Amino acid sequence: MKKLIIINGPNLNLLGKREPAIYGSLSFTEFLDTIKDKYNNVEIDYFQSNVEGTLIDKLHEVGFDYDGIILNAAAYTHTSVGIGDAVKAIETPVVEVHISNTFNREEFRHQSFVSPHVKGVILGFGLQSYELAIQSF
Ligand code: DQA
């Protein structure tokens, strides 16, 4: 069985409550239950942190034995050289996802320190972005 992990960055623990017009009204744990049922032929682990270094530690921990990482680094996408370097340093392929289409939002969201080092990027499909990423593995 393929082993995947979804890693979510800062503020994504508030999904369902946070700016529902942009991010939807479903909590991530509710969504996770449905996708675990739907894709029961793959193991899907989940990790969320609001702390940059903790996200880097997790990438190091899983980045040499999982089959795939689905990473939404949230705001750190646009600021973190460290998370970009961690993605570059590990062996497991990473798919970058975003719930919103970051290119039709503020200019500062157009830059990603993660994108140059990933297998692919999926964005703008709401929570379905995560499903498309699962299907890509
Ligand atoms: C996000 C987009 C980021 O710009 C933002 O900081 C987030 C969420 C998304 O999934 O659409 O927190 O990564």
Side-chain angles (χ1 to χ4, degrees):
M1 213 197 254
K2 271 191 184 161
K3 219 170 138 171
L4 307 181
I5 184 165
I6 297 172
I7 300 181
N8 271 346
N11 303 305
L12 292 172
N13 54 309
L14 294 181
L15 277 179
K17 292 184 195 148
R18 170 195 185 198
E19 300 181 85
I22 298 175
Y23 298 113
S25 51
L26 202 64
S27 76
F28 201 81
T29 43
E30 285 168 326
F31 172 69
L32 196 60
D33 285 346
T34 62
I35 56 169
K36 278 185 173 176
D37 272 0
K38 193 165 166 185
Y39 300 95
N40 56 15
N41 59 333
V42 285
E43 184 183 322
I44 305 170
D45 289 339
Y46 177 60
F47 182 79
Q48 191 275 333
S49 176
N50 295 320
V51 181
E52 186 174 9
T54 307
L55 292 164
I56 293 171
D57 285 344
K58 194 68 186 179
L59 287 165
H60 294 177
E61 184 193 317
V62 299
F64 295 88
D65 58 33
Y66 275 63
D67 298 301
I69 297 171
I70 296 164
L71 175 66
N72 185 349
Y76 288 142
T77 306
H78 319 300
T79 63
S80 178
V81 175
I83 290 179
D85 281 355
V87 170
K88 190 175 181 198
I90 60 179
E91 280 172 3
T92 300
V94 176
V95 171
E96 176 182 351
V97 305
H98 299 284
I99 297 165
S100 62
N101 177 354
T102 47
F103 291 101
N104 67 17
R105 301 182 64 194
E106 302 94 324
E107 187 93 33
F108 67 84
R109 295 184 205 276
H110 299 183
Q111 178 174 17
S112 167
F113 285 100
V114 174
S115 298
H117 313 300
V118 296
K119 191 176 166 198
V121 183
I122 300 168
L123 56 87
F125 294 94
L127 289 175
Q128 206 197 338
S129 297
Y130 292 92
E131 278 201 62
L132 296 169
I134 293 166
Q135 289 165 17
S136 78
F137 283 106

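Source: prediction; values computed, not measured. First listed ligand is number 1; within each ligand, the first listed atom is number 1. Below, each value reflects all heavy atoms present in this structure, side chains not excepted, and no hydrogens, waters or symmetry copies.
Contacts between T102 and ligand 1, counted as non-hydrogen atom pairs separated by less than 4.0 Å, involve the side chain only. For H98, heavy-atom contacts with ligand 1 shorter than 4.0 Å involve the backbone as well as the side chain. Of all the heavy atoms of E96, none lies under 4.0 Å from any atom of ligand 1, so neither backbone nor side chain is involved.
No side-chain N or O of Y23 forms a donor-acceptor pair with one of N11 less than 3.5 Å apart. Remark: the E96 side chain and the S112 side chain contain an N/O donor-acceptor pair separated by less than 3.5 Å. In this structure, a donor-acceptor pair under 3.5 Å is absent between the side chains of N50 and E52.
Nearest protein heavy-atom contact of atom 11 (O) of ligand 1 is S100 OG, 2.6 Å. Of the protein's non-hydrogen atoms, the one nearest atom 8 (C) of ligand 1 is Y23 OH, 3.5 Å.
Checked against a 3.5 angstrom limit, the closest N/O atoms of I99 and ligand 1 fall inside it. The distance criterion of under 3.5 Å between nitrogen or oxygen atoms is not met by T77 with respect to ligand 1. Of the N or O atoms in R105, none lie within a sub-3.5 Å distance of an N or O in ligand 1. Between A75 and ligand 1, an N or O atom pair is found at a separation short of 3.5 Å.
Heavy-atom separations between N72 and ligand 1 include at least one value shorter than 4.0 Å. Residue E19 places no heavy atom under 4.0 Å from ligand 1.
Counting atoms of ligand 1 from 1 in the listed order, those under 4.0 Å from a heavy atom of H78 are 3 (C), 4 (O). Less than 4.0 angstrom separates some heavy atom of R109 from each of these atoms of ligand 1: 3 (C), 4 (O), 5 (C), 6 (O). With ligand atoms numbered from 1 in the order given, ligand 1 contributes 7 (C), 12 (O) to contacts under 4.0 Å with heavy atoms of R18.
Using a cutoff of 4.0 Å between basic side-chain nitrogens and carboxylate oxygens, E43 and K36 are not scored as salt-bridged.
Taking the six-membered ring for Trp and thresholds of 30 and 60 degrees, H78 and H98 have nearly parallel ring planes, at less than 30 degrees apart.
Side-chain contact check for V62 versus I69: some heavy-atom pair is nearer than 4.5 Å. Counting heavy atoms from C-beta outward, V97 and V121 have side chains that stay 4.5 Å or more apart.
In this structure, F28 has its ring center closer than 6.0 angstrom to the ring center of Y130.
Put simply, CZ on F125 and CG on L132 are 6.0 Å apart, with the number rounded to the nearest 0.5 Å.
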